[in-house]
Amino acid sequence: MLLSTRNLTKTFPGTKALDSVDFDLKAGEVHSLLGENGAGKSTLIKCLTGAYRRDSGDILFEGEPISPQSTLEAQEIGIGTVYQEVNLLPNLTVAENLTLGHQPRRFGMISPRAMQAQAEEMLAGYGVDVDVRRSLDTYSVAVQQIVAIARAVHLSGRVLILDEPTASLDSREVRMLFDVIGDLRKRGLGIIFISHFLDQVFEISDTLTVLRNGCHIATRPAAEVDRMELITLMLGHELDEEKPDRGLSSEVEGTGDAIRFKGIGRRGKIAPFDLTVHKGEVIGMAGLLGSGRTESAEVLFGATPADSGTVEDANGAVDLRNPRNAIAAGFAFAPEDRKTDGIIAELSVRENIILALQARRGWARPIPQAEQMRMADEYIERLDIRTPDAEKPVGLLSGGNQQKVILARWLATNPRFLILDEPTRGIDVGAHAEILRLIEDVVAQGMSILVISSELDELIAVSHRVIVVRDRHHVSELTGADVTTETIVRAIAAPDAEAVA
Amino acid sequence: QTIGFSQIGSESGWRAAETTVTQQEAERRGIDLRFSDAQQRQENQIAAIRSFIAQGVDGILVAPVVATGWDSVLEEAAEAEIPVVLLDRMVDSSPELYLTAVGSDLVHEGRVAGEWLVEAVAGEECRVVELQGTTGSSPAIDRKQGFEEGIASADNIEIVRSQTGDFTRTRGKEVMESFLQAENGGADICALYAHNDDMAVGAIQAIKEAGLKPGEDILVVSIDAVPDIFQALAAGEANATVELTPNMAGPAFDALEAYLADGTMPEKFIQTESKLYTQEDDPQAEYEARKDLGY
Amino acid sequence: MTIRALPLYATIAIFLLAYLICYIQFPAMLSTRVIGNLLTDNAYLGIVAVGMTVVIISGGIDLSVGSVIAFSGVFIAVILRETALHPLVVFALLLAVTTVFGAAMGGMIHVLAMPPFIVTLAGMFLARGAGYMLSIDSVPIDAAFYDTMQDAYYLMPGKGRLTLLGLIMLASVAAGMIMLHRTRFGTNVYALGGGEATARLMGVPVGRTTVAIYAFSGFMAGLSGIVFSVYTSAGYPLATVGVELNAIAAVVIGGTLLTGGSGYMFGTLIGVLTMGLIQTYIVFDGSLSSWWTKIVIGALLLMFILLQKGLLRLRVSA
Amino acid sequence: MTGARVLRRVAPQLLTLGAVILLVSVYFPDFYQIVYANDRLVGIPIDVVKRGAPVALLAIGMTLVIATRGIDLSVGAVMAICGATAAWSIDQGFGLWAALGLAGAAGLVCGLWNGILVAFFGIQPIVATLILMVAGRGVAQLITGGTILTFDNEAFAFLGSGAVFGVPVPTLAWILTGILFGLLVRRTALGLLIESIGINLRASTLTGINSRVLLLAVYMGSGFCAALAGIIATADIRGADANNAGLWLELDAILAVVIGGNSLLGGRFSILASLLGAMIIQTINTGILLAGFPPEFNLVIKAVLVIIILVLQSPRLLPRLGFIRLRRERDEKPSGTPVEAGK
Ligand SMILES: Nc1ncnc2c1ncn2[C@@H]1O[C@H](COP(=O)(O)OP(=O)(O)OP(=O)(O)O)[C@@H](O)[C@H]1O
Ligand SMILES: Nc1ncnc2c1ncn2[C@@H]1O[C@H](COP(=O)(O)OP(=O)(O)OP(=O)(O)O)[C@@H](O)[C@H]1O
Ligand SMILES: [Mg+2]
Ligand SMILES: [Mg+2]
């Protein structure tokens with residue numbers, strides 16, 4: 001065995017994140033770790049690599065007990081890790097991020113040129129066009145994700161651990177990552193892979209381990225498990241996967257109460273585009289990474305104010321100079337990067353849920369405590385947020401649950417137009433289905449939704465219409481029967497599809 | 001003539017008065033005064049003197065913030081043949097490096113205050129509390145030493161508590177309050193010696209608030225002779241103050257002008273008078289005379 | 001690279017512009033004397049600012065440096081007065097003391113997870129208090145070696161002096177530049193400033209680096225104390241009150257972000273010179289009262305910072 | 001917050017205060033003696049709550065500023081400005097109420113200035129307020145003309161040295177201001193919104209919080225508290241000392257906030273705990289004065305005590321001393337119970 005744990009236990013206040021977990025990683029295998037949000041996958045990784053101190057249990061590396069006190073020690077053993085949520089330093093250059101801790105030196109001094117060369121070499125084979133001398137924060141989450149992967153791969157002499165590495169990648173990049181993983185496997189590394197995309201898991205894994213509520217549930221060869229069984233192992237019950245039924249796609253067009261964006265855009269971010277949002281309609285937005293989907297959403301919400309165009313609804317012009325005005329107009333926006341743009345980590349789940357509503361009511365009219373409790377409990381129940389109680393700081397929840405809290409925050413304001421940027425990123429199958437169902441629910445009540453997602457299946461499943469974005473232009477709009485994977489992919493790729501924007 | 005004046009700062013009313021008087025004197029004599037405020041920092045003063053040299057002024061006045069550390073900058077001035085006059089505080093550099101020093105003897109001031117107290121209590125037991133100036137500043141050190149010398153002969157006088165009041169009214173009042181607490185509500189205190197008038201004025205208020213009569217229950221002696229202490233003297237709330245005149249610039253300009261005109265060397269130390277004022281010296285008139293000097 | 005260095009270019013441009021304005025008003029400002037003075041008079045500030053830059057880039061702050069300079073002066077003066085040790089030996093002793101002092105603060109910051117602001121505030125009280133306990137009076141230093149150091153200067157044409165102290169400052173800046181931009185330690189400093197938790201996950205030895213950063217700042221404060229004691233030939237426990245704020249201001253004017261993670265050592269040098277320029281300008285002008293001096297310093301500080309922000313915005317949007 | 005939760009939040013500060021009082025009373029056994037004389041309460045505890053007034057007042061505003069992840073270095077200078085304004089208006093014969101109004105307005109304007117620099121120009125709080133810290137004293141001196149501006153107005157002086165039902169007016173001032181601000185932030189949603197922008201400004205703005213206006217308000221609150229402190233300091237000595245009023249008090253105020261267990265990184269805050277922190281500092285200061293050590297020891301004693309207090313309150317130390325259960329509880333509810341100190 002390359003890397004094993006025995007009786008690994010880790011307790012957080014109020015949660016037993018790991019409950020005597022046994023886990024074995026063989027050399028030359030890709031071992032996927034599966035489980036619901038909050039099952040303890042990330043915690044296991046962090047205990048393995050010395051980021052967390054475990055409460056009890058043993059970690060064995062090639063049979064020898066090890067006890068890494070810091071991630072540095074784990075790196076020195078030859079364990080390279082990509083932690084969940086990109087963990088790189090935005091203020092450093094790409095090259096510095098890649099080489100941090102092992103910069104090439106001459107006479108004890110870093111030689112920038114050698115460092116760049118090394119960084120470029122590390123990135124070669126991922127198919128990204130990146131100037132390694134620029135600082136990391138000038139690149140999108142996806143690029144950062146790839147940089148993190150390249151760094152981990154470089155550090156992994158023996159073991160590579162990837163915690164949801166594909167969450168913000170599109171299919172092209174996922175392909176390249178899988179090629180890299182395949183190479184490493186051949187070279188005899190052990191690879192731990194965590195993902196909520198079951199297709200990817202099945203494609204790449206040799207072995208699967210399922211965790212539930214911090215307990216080890218099962219370890220099986222990937223070939224011997226089928227999808228339904230796996231889901232049942234993860235959830236502890238079967239998933240009622242009734243296909244969402246979208247019968248209303250064509251009717252919505254007619255209803256009068258619509259929000260009309262005309263020629264709205266911002267220089268350098270997104271070219272002016274038109275958009276009409278009807279009541280009770282789901283609009284999908286598709287595009288490659290960096291195509292300008294997030295920018296479109298931000299312009300629609302006033303987070304980056306538009307410098308051209310007008311917005312109107314049944315009551316006349318809508319002012320979208322800033323998020324406050326947008327919210328007052330009944331807009332809501334769940335951003336892509338929940339860690340920096342979404343959650344208020346130290347505030348409790350309750351406070352995070354009521355925050356947007358409170359902000360809209362103004363400071364002078366506090367929501368009564370009892371009412372807050374009621375709302376928090378209602379949404380915890382309705383969205384199945386896994387938390388010991390409503391007073392837990394939201395930063396301590398698992399990623400998927402944080403996402404649900406943000407959704408709850410906006411649902412609480414009962415908006416008429418909800419913008420969701422990658423709402424299901426990092427969310428487990430169970431929650432995924434719940435969120436899709438939720439979208440159906442609120443749409444049925446007359447809410448309009450814009451969904452941005454890299455998962456075309458998901459987009460197709462929920463959207464009445466799909467807008468395709470390419471190179472910061474809205475290039476086409478597909479409706480009704482035209483909404484298929486094939487048409488979308490073609491619109492994304494085709495240099496000159498019928499331009500709507 | 002262009003003369004540079006490096007002032008310590010504006011930390012007290014006395015200091016502000018010195019600045020005002022210097023500017024008035026310069027104006028009266030038609031001198032172009034370049035003023036620089038060092039905000040209590042020696043490094044700023046040194047830099048200012050260097051800039052004066054670089055500008056090529058005809059003479060430099062410095063009120064040095066501390067006694068040490070002037071050698072090299074004074075040497076530079078000497079090399080550039082610019083005469084330097086020290087105001088109100090001394091430096092411990094070689095006397096060749098400056099033209100003259102105008103000031104009072106800080107130790108002497110303390111001694112005058114001490115001697116007054118010895119006389120005032122006339123042999124009775126007297127427990128004194130002392131409000132020191134800013135810890136480490138030369139007036140605080142010298143005035144403490146002078147006072148101790150002044151009362152050295154009298155065994156009946158004893159300093160029982162001594163704390164810093166930072167030369168400010170607020171701290172003077174605060175520290176006096178705790179002295180009063182610590183000394184049996186003030187009943188055990190016979191006299192207060194403050195290193196400057198501002199602290200004394202603050203302390204007087206503390207004494208009044210404690211239900212005692214400053215000037216009678218507790219004697220008050222301090223140094224500087226700023227206008228407000230004369231009001232207290234007039235009201236019978238303070239007993240004595242030792243004058244430190246803010247007009248240091250007058251004699252300094254005299255010496256500079258004489259030197260620049262024909263090279264007359266003044267005396268190395270022009271000492272100003274440390275006059276003692278008590279309630280008998282018509283404090284109200286003294287107050288009127290001083291109140292517009294910019295204290 | 002070029003984008004990241006924008007604040008630095010903005011700083012340099014503003015400094016040159018300011019110097020030009022000063023020169024137009026007072027032509028004597030361009031004399032070698034003034035330039036020499038600018039270096040010598042701000043040597044101690046430049047040296048602490050080098051340490052401060054490293055601390056601030058790591059996302060911390062060191063309020064103790066002003067007090068440490070004062071303590072250093074008193075320490076040197078008292079030891080030289082009481083013993084027959086050679087000044088160089090005393091310097092070594094002092095640097096050891098201040099470095100350990102800084103390291104201890106860094107250790108507290110790391111081990112006890114306390115904010116640097118507060119730990120170094122306590123350090124500020126402690127260092128000055130220790131200075132008082134050594135001597136409340138100012139202590140003159142009259143070692144022959146001190147005269148040698150004071151007299152070590154190169155006379156530039158125009159009677160300006162390029163002094164040893166000025167050169168020590170320039171050398172410190174150069175050493176600081178190399179350390180910050182060319183060593184792994186330097187990159188770790190930036191990494192800490194970018195985010196401690198992330199840096200830890202990426203394998204930066206957080207504890208060791210934190211201790212080293214504050215030890216370095218302590219060392220530079222000690223060095224600055226030595227320079228200051230040479231500058232004044234004395235030790236005085238009340239000296240350099242508030243210098244930490246000047247150093248912080250210089251670092252910020254130099255384009256370093258107080259939030260950490262970004263900045264340049266060279267910018268700090270410009271920041272220090274800018275502060276010196278403001279000071280010199282006010283002395284040259286010589287008409288400002290005590291209070292207007294303060295107001296003008298504040299206003300000029302504000303102007304520099306706003307100009308910098310403005311320039312950056314222009315360039316970025318262009 | 002319920003009473004029990006408040007108590008748990010401030011327990012470490014209460015314990016520390018108790019320990020410091022105990023330490024002082026070792027040197028000075030009469031500490032607890034309070035008598036009623038001259039229509040007022042007299043005693044060392046009274047001195048503490050009176051002398052601590054400026055720092056306590058500053059700490060109230062500072063708590064809010066720090067909660068937004070800012071810091072206000074200018075409060076000492078603002079004290080000087082407002083004190084000078086008040087003394088000047090009395091001197092001009094404008095009367096008590098005009099003097100108070102003008103001083104308060106001056107404080108608000110100073111706060112507005114800081115707030116604009118921080119919220120609209122995006123200057124970092126330390127630097128923004130450093131500018132006023134430097135220039136503010138100049139402004140104050142400009143008002144007083146560099147002198148100590150004294151005045152004769154018993155009504156105004158009453159604010160500094162008067163007493164109501166035996167309680168000194170400065171004490172009442174900070175207690176009432178504390179209650180006022182406490183109610184203002186906790187009975188409305190202000191507290192929550194302030195905490196929110198302190199933890200994550202960007203996310204808060206995206207949530208629709210008007211963070212700019214909130215920042216302005218918070219700095220103005222701090223300016224207002226500084227104005228009150230300046231008025232009291234001026235009334236206390238019956239004169240405005242532009243150069244020394246509030247000198248370096250900003251550091252004591254920040255210290256009080258930190259001893260109060262508030263994080264300098266913003267977020268959760270407790271005004272009550274900051275006020276206790278201010279009283280801890282004042283007890284130390286008064287204790288040093290009473291103990292009768294030579295003044296050159298003052299700083300070292302203060303530094304050592306402060307370090308001990310901070311170490312004992314450190315979030316990392318306690319688990320190692322075996323307070324694991326307590327710490328766990330804290331982790332669970334950062335709003336709830338911080339560690340207990342010095343048990
Ligand atoms: N630092 C922490 N403090 C307290 N509780 C924590 C902490 N980190 C994680 N937890 C809790 O531990 C449990 C396991 O979390 P973990 O992040 O390991 O889940 P996960 O399986 O990675 O979920 P996801 O798929 O959402 O990433 C969760 O209930 C979470 O709330
Ligand atoms: N592969 C890439 N190479 C270089 N730059 C990229 C790449 N991907 C994204 N970027 C940059 O990242 C920025 C972010 O773009 P934006 O967030 O609008 O993309 P998006 O369509 O929302 O994609 P996603 O949200 O899926 O990352 C863009 O300015 C773009 O230049
Ligand atoms: Mg996880
Ligand atoms: Mg996006």
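Just so we're on the same page: letters track the sequence lines, and every chain starts at 1.
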Chemist: May I ask you to list the residues in residues 74-82 of chain C that approach chain B closer than 4.5 angstrom, counting heavy atoms only, ordered by number?
Modeler: none
Chemist: Give me the atom names and distance for the closest heavy-atom approach of C:Ala234 to B:Thr68.
Modeler: CB-OG1, 3.0 Å
Chemist: Test C:Ser290 against B:Phe35 for side chain to side chain contact (heavy atoms under 4.5 Å, CB included), laying out the working first.
Modeler: CA-CA 9 Å; C:Ser290 301; B:Phe35 175 74; 3.6 Å; yes
Chemist: Which bit of C:Phe26 comes within less than 4.5 Å of chain B, counting heavy atoms only: side chain, backbone, both or neither?
Modeler: neither
Chemist: Output the residues of residues 6-16 of chain B for which the shortest heavy-atom distance to chain C is under 4.5 Å, in residue-number order; output 'none' if no such residue exists.
Modeler: B:Gly9, B:Ser10
Chemist: If you count heavy atoms of other groups shown closer than 6.0 angstrom to OH of C:Tyr23, is the number above 12?
Modeler: no
Chemist: Provide the closest heavy-atom pair for B:Ala54 versus C:Val34 in the form atom of the first, atom of the second, distance.
Modeler: CB-CG2, 3.8 Å
Chemist: Checking heavy atoms, do the side chain of B:Ile46, its backbone, both or neither come under 4.5 Å from chain C?
Modeler: both
Chemist: Might you point out which heavy atoms bring B:Ile53 and C:Arg33 nearest each other, and give the distance in Å?
Modeler: CG2-NH1, 3.4 Å
Chemist: Charged N to carboxylate O below 4.0 Å: is that the case for C:Lys159 and B:Glu79?
Modeler: no
Chemist: Tell me, for B:Arg50 versus chain C, whether the close heavy atoms (under 4.5 Å) come from the side chain, the backbone, both or neither.
Modeler: both
Chemist: Sort B:Thr19 into side chain, backbone, both or neither according to what part of it lies under 4.5 angstrom from a heavy atom of chain C.
Modeler: neither
Chemist: Does the pair C:Arg161 and B:Glu76 meet the rule for a side chain to side chain contact (heavy atoms under 4.5 Å, CB included), with working shown?
Modeler: CA-CA 10 Å; C:Arg161 298 175 183 192; B:Glu76 257 180 69; 3.2 Å; yes
Chemist: If you count heavy atoms of other groups shown closer than 6.0 angstrom to CD of C:Gln25, is the number above 12?
Modeler: yes
Chemist: Tell me the closest heavy-atom pair linking B:Ser137 and C:Tyr236, and the distance in Å.
Modeler: CA-OH, 3.6 Å
Chemist: Could you pull out the closest heavy-atom pair between C:Val283 and B:Phe52, with the gap in Å?
Modeler: CG1-CE2, 3.7 Å
Chemist: Just checking heavy atoms, which of residues 133-144 of chain C are less than 4.5 Å from chain B?
Modeler: C:Ile136, C:Asp137, C:Ser138, C:Val139, C:Pro140
Chemist: With heavy-atom distances below 4.5 Å as the criterion, would you say the side chains of B:Glu43 and C:Asn246 are in contact?
Modeler: no
Chemist: For chain B, which residues from residues 238-245 of chain C lie under 4.5 Å away (heavy-atom distances)?
Modeler: C:Leu238, C:Thr240, C:Val241, C:Gly242, C:Val243
Chemist: Measuring from atom CG of B:Asp37 to atom CH2 of C:Trp291, what distance do you get when rounded to the nearest 0.5 angstrom?
Modeler: 9.0 Å
Chemist: Quick check for you: to the nearest 0.5 Å, what is the distance between C:Tyr231 atom OH and B:Gln42 atom CD?
Modeler: 8.5 Å
Chemist: So which part of B:Ser36 gets closer than 4.5 Å to some heavy atom of chain C, the side chain, the backbone, both or neither?
Modeler: side chain
Chemist: For C:Thr280 versus B:Ser51, what's the shortest heavy-atom pair and its separation?
Modeler: CG2-OG, 3.6 Å
